[in-house]
Amino acid sequence: MTAVEIWWGRTADARPGLVGELNAVERERMAAYARDEDKSRFLVGATIVRRVLAGKLEVSPADVVLDRTCRDCGRQHGKVVAEGMEVSVSHSGDRIVVAFHPSAAVGVDVELINPAIDTASLATVSLSDLEAEELAAFPEDARARAFTQYWTRKEAVVKATGDGIAADLRKVIVSAPDQPAALREWAGYDGPMQLVDLPAGVEYAAALATLSEESFEVRSFDAAPLLRS
C-alpha cells in the first residue's frame with residue numbers, strides 16, 4: 001500500500017536561518033508578501049518541501065531542484081514540481097501542510113474556519129445547487145464548518161488535477177460534510193480520484209486528493225523537529 005506523507009507546520013516554526021535554503025525565486029516570492037505572517041507561511045511551506053525531499057534524495061535542502069512554472073502564464077508561482085515526487089502545499093491561519101506522494105498527483109488544502117462567514121453568499125459562487133441545499137439543512141451554528149469542508153474538498157481536487165483557481169467550483173461536486181469525502185461529479189473529468197478529510201483540529205478543516213486508484217495510507221508528521229534541525 002502506498003503511503004502519502006502529510007507534514008504539518010506552524011508559522012511559529014519560521015526562523016531567519018531557513019531563508020538561506022531557498023532559491024532566488026523563492027526568496028523573491030517571500031519578499032513580495034507584505035505581511036509577516038504571509039512571509040512565515042511561505043517560508044515554512046517551502047522549507048518543509050526542501051527538507052523532506054533532501055532527506056529522500058540525500059542532497060542538501062538548497063540543492064533540491066523545484067519547478068513552479070504556472071501552466072497558464074509561465075511564471076514561477078504554480079504548483080510545485082519535483083523529480084520523483086508529487087507535492088502539494090497549503091496554508092491558512094497559523095497552519096501549513098505539505099503532502100508528498102511518490103507517483104500520483106496530490107492536492108491538499110487546509111482552511112481556518114471563520115464562524116462569521118456569509119455561507120449563503122459564498123455558496124452562490126462555489127457550491128452546486130445540490131450542495132447549497134445540503135448546506136442550508138445544517139444548523140446555523142454548524143454551517144461555517146460545513147461550508148469550509150466543502151471548500152477544502154473541492155480545493156484539494158482542483159489542486160490535484162492542476163486546474164486550481166481556473167476551475168468553476170460549482171461544477172466540482174463533492175459529498176456532503178457529514179458523509180465520507182468523495183468527488184460525486186465533475187463534468188468533463190473522468191480520471192481516478194480519491195478524496196479524504198484530514199484531522200486538523202477544531203478550528204480548521206483540511207482535505208487530501210490523489211489521482212490514483214491504488215489504495216493508500218496517510219502518514220502524518222509534525223514538521224517542528226524537522227525545521228529546528
Taking atom [atom1] of [X] and atom [atom2] of [Y], what is their separation to the nearest 0.5 Å?
| X | Y | atom1 | atom2 | value |
| --- | --- | --- | --- | --- |
| D13 | L43 | CG | CG | 10.0 Å |
| E214 | S103 | CD | OG | 6.5 Å |
| R10 | R95 | CZ | CZ | 4.5 Å |
| E26 | T47 | CD | OG1 | 8.0 Å |

Salt bridge [X]-[Y], side-chain N to carboxylate O under 4.0 Å:
| X | Y | answer |
| --- | --- | --- |
| E131 | R153 | no |
| D38 | R41 | yes |
| R51 | E21 | yes |

Considering all heavy atoms of both residues, which atom of [X] and which atom of [Y] are nearest to each other, and what is their separation?
| X | Y | value |
| --- | --- | --- |
| A156 | A209 | O-CB, 3.4 Å |
| V89 | K159 | O-NZ, 2.7 Å |
| R143 | A136 | NH2-O, 3.2 Å |
| S128 | K154 | N-NZ, 4.4 Å |
| A14 | L18 | CA-CD1, 4.3 Å |
| V19 | M30 | CG2-CE, 4.0 Å |

Counting N and O atoms only, with roles assigned by atom type, does the side chain of [X] sit under 3.5 Å from a partner on the main chain of [Y], one being a donor and the other an acceptor?
| X | Y | answer |
| --- | --- | --- |
| E111 | S92 | no |
| R27 | L22 | yes |
| D163 | A166 | no |
| Q149 | A146 | no |
| R145 | V202 | yes |
| S175 | A182 | yes |

Can you tell if the side chain of K56 reaches within under 4.5 Å of the side chain of E5, non-hydrogen atoms only?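 SC-SC contact between K56 and E5 confirmed.
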So P102 and T2, do their side chains get closer than 4.5 Å, heavy atoms only? yes
Run the side-chain contact (heavy atoms from CB on, under 4.5 Å) test on E83 and V65 for me, step by step, so that the C-alpha distance in whole Å, both residues' side-chain angles and the decisive distance to 0.1 Å come before the verdict. CA-CA 8 Å; E83 184 177 355; V65 178; over 6 Å; no
Are L66 and V59 connected, step by step, through hydrophobic side chains (Ile, Leu, Val, Met, Phe, Trp, Tyr) whose heavy atoms are closer than 4.5 Å?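 Yes: a chain of side-chain contacts under 4.5 Å links L66 to V59.
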Determine whether L53 and F221 fall in the same hydrophobic cluster, where Ile, Leu, Val, Met, Phe, Trp and Tyr are linked whenever their side-chain heavy atoms lie under 4.5 Å apart. yes
Which of parallel (below 30°), tilted (30 to 60°) and perpendicular (above 60°) describes Y33 and F42? tilted
Members sharing L183's hydrophobic cluster (side chains within less than 4.5 Å): I117, L122, L127, L135, F147, Y150, W151, V157, V158, L169, V172, V174, W186, Y189, M193, L195, L211
With ILVMFWY side chains joined below 4.5 Å, transitively, what does F216's cluster contain besides itself? V4, I6, W8, V97, V106, V108, V110, L112, V196, L198, Y204, L208, V218
Counting only heavy atoms from other residues, nucleotides and ligands, does the tally under 6.0 Å from CD of E217 exceed 12? yes
Enclosure of D118 CG (heavy-atom neighbours >12, cutoff 6.0 Å):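 Check passes, neighbour count above 12.
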Working note: T11 + D94, criterion side chain to side chain donor-acceptor pair (under 3.5 Å); need CA distance, chi angles, decisive distance, verdict. CA-CA 5 Å; T11 52; D94 74 341; 4.9 Å; no
Give the C-alpha distance, both sets of side-chain angles, the deciding distance and a yes or no for side-chain contact (heavy atoms from CB on, under 4.5 Å) between R184 and L130. CA-CA 11 Å; R184 291 195 283 199; L130 172 60; 3.8 Å; yes
